[in-house]
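One-based numbering, in listed order, for ligands and for the atoms of each.
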Amino acid sequence: MAEPQEAVKPQYDISIIRPEMRAEDFKLRGEGFSPERLAAIRKGLRTLHTLELMAQTIYKFQLTKERNEMNGMLVAAMCNEMGHYQDFQVKLYEYGFRPSLLRAAYWMVGFAFGFGSRLLGKNAILKTGVWVESKAVHHYAELLETIEWDDETRKVIEKDQADEDGHINRWKGLLETA
Ligand SMILES: [Fe+2]
Ligand SMILES: [Fe+2]
């Protein structure tokens, strides 16, 4: 039943929280691209980079000192988002772009969501995670669909989107046992 979907969407190993990057994986990009294509890529990478700052900040502030399963999973999710943030920062500079200065505002939003949900307890933490990650998956889908990425950047975006999907499933699973 799931087979036609698998043929369309490549599968990524989301148990790899931080994929390896070797020296030869880094390169300068965008040579020969049209100005329109470059402008779209720049906007997309800045958006993704900013959203990943928000995501890692949410998880950071949801974490408590308590030794429990959820905190362990939140640390893994935070690490995952830090990796995504790195992914897009690297791609921005490979293209010769710079991150958005406005991302500081998204740190504040991440703090508000993260710390706010932590004050409200476990259910609020998990529901915030599901809500934010669902938005992210849709956002990723839109950017994958509308922007003409280079193949390597596209694979990174697809892997990161698969990770976000994994986060949704993890938080949903914990909500069911709560
Ligand atoms: Fe992410
Ligand atoms: Fe995520």
Answer yes or no: does atom [atom1] of [X] have more than 12 heavy-atom neighbours from other residues, nucleotides or ligands under 6.0 Å?
X	atom1	result
Lys172	NZ	no
Arg154	CZ	yes
Lys127	NZ	no

Check for me: within less than 2.8 Å of the Fe ion (ligand 1), which protein N/O/S atoms show up?
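Less than 2.8 Å away from the Fe ion (ligand 1) sit Glu52 OE1, Glu52 OE2, Glu81 OE1, His84 ND1, Glu164 OE2.
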Ring pair (Phe, Tyr, Trp, His ring centres under 6.0 Å) with Phe115: which residues, sequence neighbours excluded?
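Testing Phe115 for ring pair (Phe, Tyr, Trp, His ring centres under 6.0 Å), a comparison that skips the adjacent residues, returns Phe111.
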Pair Phe33 and Trp149, ring centroids less than 6.0 Å apart
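Not close enough - the centres of the two rings lie 6.0 Å or further apart.
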Which N, O or S atom of Glu133 lies nearest to the Fe ion (ligand 2), by name
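This turns out to be OE2.
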Does the side chain of Phe88 come within less than 4.5 Å of Asp160's, by heavy atoms?
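A side-chain contact exists here, since the closest heavy-atom pair is under 4.5 Å.
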